[in-house]
Structure formats: structure tokens, C-alpha cells
Amino acid sequence: MKQSVRYQRILILCLLSISVLAPIFLVSNELSNFSSSSGDKEFVGDLPGIKFKTDSPKLNAVQQELGEGLKEPVLVVYKDGDSINSLVDSNTEGGTSNRVIERKVSETDYDVNGGNQLIQMKNVSAPSERKEQLQQPTEKREARRGTDEKVKEGKDQVIRAKAYLTFAPPGSNSHLVKELKLRIKELERSLGDATKDADLPRSALQRMKSMEATLGKASRVYHDCSSMATKLRAMTYNTEEQIRAQKNQAIYLVELASRTTPKGLHCLSMRLTDSYFSLQPEKREFPNQHKLNDPDLYHFVVFSDNILASAVVVNSTIFSSSEKEKLVFHMISDAINLPAIRMWFLLNPPDQATINIQSVEDFEWLATMYGSALNMQNSRDRRYSSPLNHLRFYLPEMFPALNKVVLLDHDVVVQRDLKGLWQVDMNGKVNGAVETCREGDISFSKMNTLINFSDPIVAGRFDPEACTWAFGMNMFDLREWRRKDLTAVYTKYLEMGMKRELWKGGTLPLGLVTFYNQTVALDHRWHILGLGYESGLGRGEIERGAVIHYDGVMKPWLEIGIGKYKGYWNRYVKYDHPYLQQCNIHE
């Protein structure tokens with residue numbers, strides 16, 4: 001019994017072994033047959049040697065770029081119908097060629113064995129039409145940056161909305177009125193101080209659309225076009241009147257500022273005057289006074305009541321001169337400013353040059369002989385009525401020992417050596433000046449704009465087309481002046497002008513008639529005008545000038561002076577001087 005059970009167990013184990021091993025044998029046999037028949041033994045043998053790389057493979061169709069010098073991709077917005085996934089590659093070494101890499105469904109290839117769709121990338125050159133399409137959006141954006149169409153449109157909408165508001169009954173609080181007021185407030189806030197479309201915020205366009213919709217509602221309510229036109233004309237007239245009043249006020253304020261002494265200059269004058277009277281009388285004299293009447297030296301005459309202005313004229317002339325020891329300055333001021341100006345030059349002596357400073361009251365004979373003429377100037381503007389302006393017509397009597405002098409206004413800066421003026425051939429004329437009658441010049445003027453040629457006496461003596469010239473830098477031959485007695489001519493014309501209106505105020509019209517046919521033209525580079533107002537003078541033209549003139553009301557020592565021209569004047573002011581610092585006078 002035990003023997004039979006053991007045989008049964010052995011039989012069962014054998015059957016189990018056969019059932020397990022037989023499938024393994026059959027499968028391995030099939031595999032060996034399959035590999036030998038397919039001819040891919042090399043492929044199976046190479047499987048263990050495959051190495052997996054972490055780097056992404058390179059596309060053969062795309063040219064590889066180096067890391068340096070990469071540029072940002074160009075942003076392109078495509079319309080419907082354009083090829084998908086188009087990329088613009090402009091990062092070639094020369095930056096001159098573009099390639100467009102396109103992927104199109106119609107150009108796809110298929111793998112027959114695997115059945116997988118392969119996308120083929122191809123390089124094609126960009127056609128000219130594509131380049132134009134890509135350039136157009138950029139050009140349009142650049143053009144829109146400098147325009148102001150939207151700004152003007154927004155302001156027009158505000159004006160229309162305000163006009164519609166005036167049609168509403170007084171005290172009306174209807175929904176339309178509230179909406180108009182709200183739109184006006186929103187749009188004005190969005191427009192702000194913008195002058196170009198590029199300055200507008202993003203909300204401005206949306207608010208303009210809302211305003212346009214509200215204006216459409218208002219036009220349906222207030223549809224009377226004639227009333228709207230009348231209202232807009234009234235608003236235009238009122239606006240023009242406001243602009244005219246603002247311009248007149250601005251002109252008045254500028255004129256007022258030009259006549260007002262800055263607080264710093266007033267402080268400087270007071271300090272210098274106090275210091276001057278604290279000096280002993282013997283210490284108030286200038287050296288080298290024996291040179292004042294030497295006709296062989298270079299004599300300059302300056303009439304001024306401004307300390308800094310007169311200092312700049314003297315400093316710039318000395319700095320530009322090659323023979324400083326031959327320079328002689330005759331400065332004439334009024335009694336009030338004389339002590340301050342004398343004290344300034346005592347503290348800051350003019351190097352090797354000679355200077356003498358006098359007051360109008362020092363010429364006692366002048367008041368006796370010509371006092372009535374000097375006091376006849378009744379203009380409210382001190383620039384026209386001040387004796388300092390009219391003393392230039394009495395130079396031969398003031399300096400009887402001199403033969404030639406150069407007259408410099410106190411609002412000029414000298415940039416070149418002026419000794420060449422003494423070599424100019426005057427041809428028997430009295431006045432050497434730069435003419436201002438060339439059309440196109442900044443300082444262009446004509447005789448008929450300064451002189452009243454409707455008067456028969458004036459029309460019979462002067463030519464309205466005669467060339468004009470400028471005061472500010474003039475060479476005068478005093479010998480010819482005395483011989484022709486032009487001071488008497490000036491006095492006669494001054495008296496004629498007081499009886500009837502023959503010319504504008506100031507000294508220039510009187511100079512034009514006094515020195516009529518007695519003026520020789522100098523090269524225009526001797527005297528450059530136009531720095532005292534917005535003349536548009538260029539830097540090159542200014543720096544070529546021997547003398548630059550701040551003619552006009554915007555003087556460089558005033559706050560209203562033109563900043564781009566002040567530098568030529570500031571370089572000759574000693575801003576580090578203790579008195580200037582104490583009076584808070586800075587550049």
C-alpha cells in the first residue's frame with residue numbers, strides 16, 4: 001500500500017515537471033527560429049550597448065546658433081491663412097538675411113512601416129511680400145508715436161460736451177446732464193497734460209468711446225445745429241479773448257521783470273556802497289589815471305548802472321585782448337550806483353588795464369548846455385528816458401582829447417580781441433556799425449518800422465529803404481564827429497520829435513537819423529545780436545562773434561534770461577566772491 005502511494009506521487013511530480021518545462025522549451029525554440037529567419041541578429045545583439053543621451057538631438061534643417069550675440073525674437077502677428085508655426089530667424093552673423101521656417105500639413109511625410117506622421121522642417125527664403133507685411137506694423141506704430149490726433153479728438157469731445165451742457169435748463173439734474181458731467185470729468189483726467197497720442201493712458205481710448213456714445217445721446221436730444229454752431233462760435237470768441245488777455249499779461253510781466261532790480265543785485269549794491277564810504281578818500285582813487293587822455297591807446301566807453309553787467313564787459317574785454325596794458329575803460333554811471341561800481345573795481349582791479357568811473361553829475365557843463373534836451377525824454381520806460389542812454393550822443397564833448405573810441409553797451413560779452421577796430425578805414429564817416437538790413441537775419445529791421453515816413457519833413461530827408469544798423473558795439477571817429485557837429489544834429493531831431501511823433505522811443509531811431517549817411521558797415525561777425533530773446537541763434541554763430549549782445553528784455557542777470565545763452569555771460573562773473581555769496585547770487 002505504501003509502495004503504491006509513493007509511485008503515485010512520483011508520477012504526479014513528473015507530470016508537473018513536464019507541464020512546466022515543455023512550454024519553456026517550445027517558446028525558446030520558436031524564438032530561435034524567429035531570430036534566425038528575420039536576419040536582425042545584429043539589432044538584437046546591439047540592444048545592450050544602446051546609450052541614452054540627455055541632450056536633445058539637433059535638427060538638421062535648422063542652422064545651429066552660437067550662444068553669444070543672441071537677439072530677441074521678432075514679434076509677428078499672423079492673420080488667418082498664414083502658414084502655422086512660422087518662425088523668423090534674423091540672427092545671422094551679418095544681420096542682413098532672414099529665414100522663415102515653416103511647418104505645413106501638406107508637406108508632411110509618412111513612415112510606411114510605423115505609420116507615424118513625421119513633420120518635416122524645411123528652410124525657405126522669405127518672399128518680399130512677407131517682409132513688407134512684417135515691416136508695416138512697426139512703421140505704423142512709429143508713425144502713431146508722433147501724432148496727436150487722439151489728443152485733439154478727446155479735447156474736441158470735451159468742448160462739444162460742455163457746449164451741450166449749456167443747452168440744459170438752469171438747475172437741471174437729468175440723467176443726461178449727470179452723464180455728460182461724468183464723461184467730461186473722466187476724459188479730462190485721462191487727457192491730463194498729454195500733447196501726443198503716445199502720452200495717453202490706456203483708459204483714454206475707452207473713455208473717448210464712452211464720451212462719443214454720450215454725445216450721440218445728446219445730439220438726439222439737442223438736435224438744433226444752428227444753436228450749437230452759435231454756441232461754439234461764442235465759446236471760440238471767449239477763448240480767443242482769454243488768450244489775448246493772457247498774452248498781454250505775459251508781455252507786461254516780462255517788461256516789469258526786465259525793469260526790476262533783482263534782490264541779489266540790490267543787496268550787492270548796498271554792501272559795496274557801505275564798504276566804499278568806509279574807505280579813506282585817498283584809497284578811493286584808481287591807478288594809471290595819466291593814460292585816460294592818451295589817444296594812442298584803445299579807449300572803451302561803457303554807460304551802466306549795473307555792477308555785474310559792467311564787470312562782465314570789462315572782464316571779457318581784458319580776457320580777449322592781447323595787449324591788456326593798452327586798454328582804457330571810461331565807465332559812466334549815475335550818482336546812486338557810482339559808489340558801488342567804484343568799490344567793486346577797487347576790490348577787483350582790471351589786471352593791467354586802466355579804468356576810470358565817473359558820474360553823470362561830474363560833467364557839469366553837460367547839464368548847462370544840454371540839460372533841457374536830456375530832460376525832454378518823457379517816456380515811462382527808464383531805458384528810453386535815462387540820461388545814461390542819451391549820453392552816447394555827447395561823446396566828443398565828454399572826451400575832447402580822444403580821436404577814436406569804441407562804445408560798448410553793458411549787456412554785451414567780448415569774445416575776440418577788438419584792437420582790429422582801430423584799423424578799420426572809416427572813409428570819412430563817423431560811425432562804424434554792423435548793419436541789420438539783410439533779409440533773413442535775426443535782427444532784421446527797416447527804417448520805415450522805426451521812423452514815421454508819413455510826416456512830410458521825414459519823407460523828404462530820409463530814404464525808407466536805407467539800411468539800418470545796431471547800437472551795442474560801435475566805433476566812433478570823434479574828429480569827424482566834431483567837424484560835422486553831429487551833436488547839434490541830434491539835439492535838433494530830438495526837439496522835433498518832442499513836438500510831433502516822428503519815430504519810436506529809444507536811442508536807435510535818433511541814432512539812425514543823426515548818423516544818416518555817416519555810417520560805415522562792419523563785418524557782421526564783429527557784433528552778434530539776438531541773445532536777449534528767443535532768436536534761435538546757433539552755438540557756432542555765437543562763438544564766431546567778436547561781441548555778442550543780449551539785446552532785448554531777457555538779460556542774463558535776470559531770472560527771465562534764456563538759459564542756453566547765460567553760459568557765455570556767467571563765465572566772466574566771479575560767483576565765488578564773498579560779496580556775491582553773501583547776497584545769494586549764484587549761476
Side-chain angles (χ1 to χ4, degrees), residues 286 288-304 310 313-314 316-332 350 352-358 363 366 388-410 412-435 469-490 507-508 510-512 514-527 545-547 549:
F286 292 98
N288 300 325
Q289 296 298 289
H290 63 280
K291 294 183 178 181
L292 296 179
N293 296 320
D294 188 346
D296 296 328
L297 302 180
Y298 305 130
H299 294 266
F300 298 89
V301 179
V302 181
F303 299 99
S304 178
S310 56
V313 174
V314 173
S316 61
T317 305
I318 294 174
F319 181 82
S320 304
S321 176
S322 60
E323 297 179 287
K324 298 176 175 56
E325 69 281 356
K326 291 186 177 182
L327 303 181
V328 180
F329 294 93
H330 303 268
M331 191 165 294
I332 315 298
Q352 305 173 43
T354 301
I355 190 169
N356 185 40
I357 304 173
Q358 296 175 276
F363 301 93
L366 190 62
L388 288 176
N389 272 333
H390 290 267
L391 282 178
R392 65 189 64 197
F393 295 103
Y394 303 96
L395 291 176
E397 291 77 18
M398 296 175 70
F399 306 104
L402 301 182
N403 297 328
K404 285 186 177 182
V405 298
V406 169
L407 174 66
L408 295 175
D409 280 0
H410 73 167
V412 304
V413 175
V414 179
Q415 301 186 128
R416 299 286 185 273
D417 195 339
L418 299 183
K419 67 179 182 180
L421 290 172
W422 274 262
Q423 308 303 323
V424 174
D425 185 3
M426 300 292 287
N427 294 321
K429 303 294 181 66
V430 175
N431 175 30
V434 170
E435 294 181 338
W469 44 268
F471 270 131
M473 196 284 299
N474 303 82
M475 163 60 74
F476 288 111
D477 188 334
L478 301 184
R479 290 173 298 184
E480 288 294 324
W481 189 329
R482 296 185 191 97
R483 190 177 66 83
K484 297 176 181 179
D485 197 14
L486 293 185
T487 301
V489 174
Y490 159 77
T507 57
L508 180 58
L510 283 169
L512 293 176
T514 301
F515 300 108
Y516 186 73
N517 289 331
Q518 297 297 327
T519 301
V520 60
L522 301 178
D523 189 288
H524 72 279
R525 289 172 295 182
W526 280 112
H527 187 192
V547 175
H549 193 176

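What you are looking at is a predicted structure, and each value in this text was computed from that prediction instead of being measured. The figures that follow rest on heavy atoms only: side chains count, while hydrogens, waters and symmetry mates do not.
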- The reported gap from CZ in Phe300 to CG in Leu327 (rounded to nearest 0.5 angstrom) is 5.5 Å
- Task: Have a look at His330 and tell me which of Leu407, Leu395, Leu402, Val405 forms a side-chain contact (heavy atoms from CB on, under 4.5 Å) with it.
- Result: Leu402
- Query: Which residues pass the salt bridge (charged side-chain N to carboxylate O under 4.0 Å, His left out) test with Lys324, sequence neighbours left out?
  - Reply: none
- Task: With the side chain counted from C-beta on, respond yes when Thr317 and Phe329 share a heavy-atom pair under 4.5 Å apart, and no when they do not.
- Result: yes
- Task: Would you name the heavy atoms of Trp526 and Asp417 that are closest together and state the gap between them?
- Result: CZ3-O, 4.1 Å
- With rounding to the nearest 0.5 Å, note down the distance linking CZ in Phe286 to CE in Met331. 9.0 Å
- Should Phe399 and His299 count as side-chain neighbours, where that means a heavy-atom distance under 4.5 Å? no
- Between Arg392 and Asp409, is there a side-chain N and carboxylate O pair less than 4.0 Å apart? yes
- Are Gln358 and Phe363 close enough that some pair of their side-chain heavy atoms sits under 4.5 Å apart? yes
- Checking Ser316 side chain against Gln415 main chain: does a donor-acceptor pair fall under 3.5 Å? no
- Closest non-hydrogen atoms of Gly472 and Val412, given as atom of the first, atom of the second and distance, are O-CG1, 3.8 Å
- Shortest non-hydrogen contact from His390 to Tyr490? ND1-OH, 2.8 Å
- Query: What residues, two or more places apart in sequence or in another chain, satisfy salt bridge (charged side-chain N to carboxylate O under 4.0 Å, His left out) together with Arg525?
  - Reply: Asp523
Donor-acceptor pairs are to be reported for all side-chain atoms of residues 420-434 against protein atoms at under 3.5 Å, with residues two or more places apart or in another chain.
residue: Asp425; atom: OD1; partner: Asn427; partner atom: N; Å: 3.1
residue: Asn431; atom: OD1; partner: Asn474; partner atom: ND2; Å: 3.4
residue: Asn431; atom: ND2; partner: Thr519; partner atom: OG1; Å: 3.4

- Query: Does the Ser304 side chain pair with the main chain of His410, one donor and one acceptor, at a distance under 3.5 Å?
  - Reply: no
- Value for NE2 (His527) from CG (Leu418), rounded to nearest 0.5 Å, stands at 11.0 Å
- Checking side-chain contact (heavy atoms from CB on, under 4.5 Å) for the pair Thr507/Phe393: CA distance, chi angles, key distance, verdict? CA-CA 9 Å; Thr507 57; Phe393 295 103; 4.1 Å; yes
- Qualifying residues under side-chain hydrogen bond (donor to acceptor under 3.5 Å, both in side chains), relative to Ser310, sequence neighbours excluded: none
- With the side chain counted from C-beta on, respond yes when Leu522 and Met473 share a heavy-atom pair under 4.5 Å apart, and no when they do not. yes
- Which pair of non-hydrogen atoms, one from Trp481 and one from Phe515, has the smallest distance, and what is that distance? CH2-CZ, 3.6 Å
- Note on the structure: Residue set satisfying side chain to side chain contact (heavy atoms under 4.5 Å, CB included) with Arg482, at least two apart, ordered chain then number -> Pro396, Leu478, Arg479
- Has the side chain of Gln289 got a donor or acceptor atom that lies under 3.5 Å from a matching backbone atom of Ile355? yes
- Query: For His524, which residues count as a side-chain hydrogen bond (donor to acceptor under 3.5 Å, both in side chains) partner, sequence neighbours excluded?
  - Reply: none
- Query: How many angstroms lie between atom NE2 of His290 and atom OG1 of Thr354, to the nearest 0.5 angstrom?
  - Reply: 7.0 Å
- In this structure, CD of Glu325 is separated from CG of Leu297 (nearest 0.5 Å) by 9.0 Å
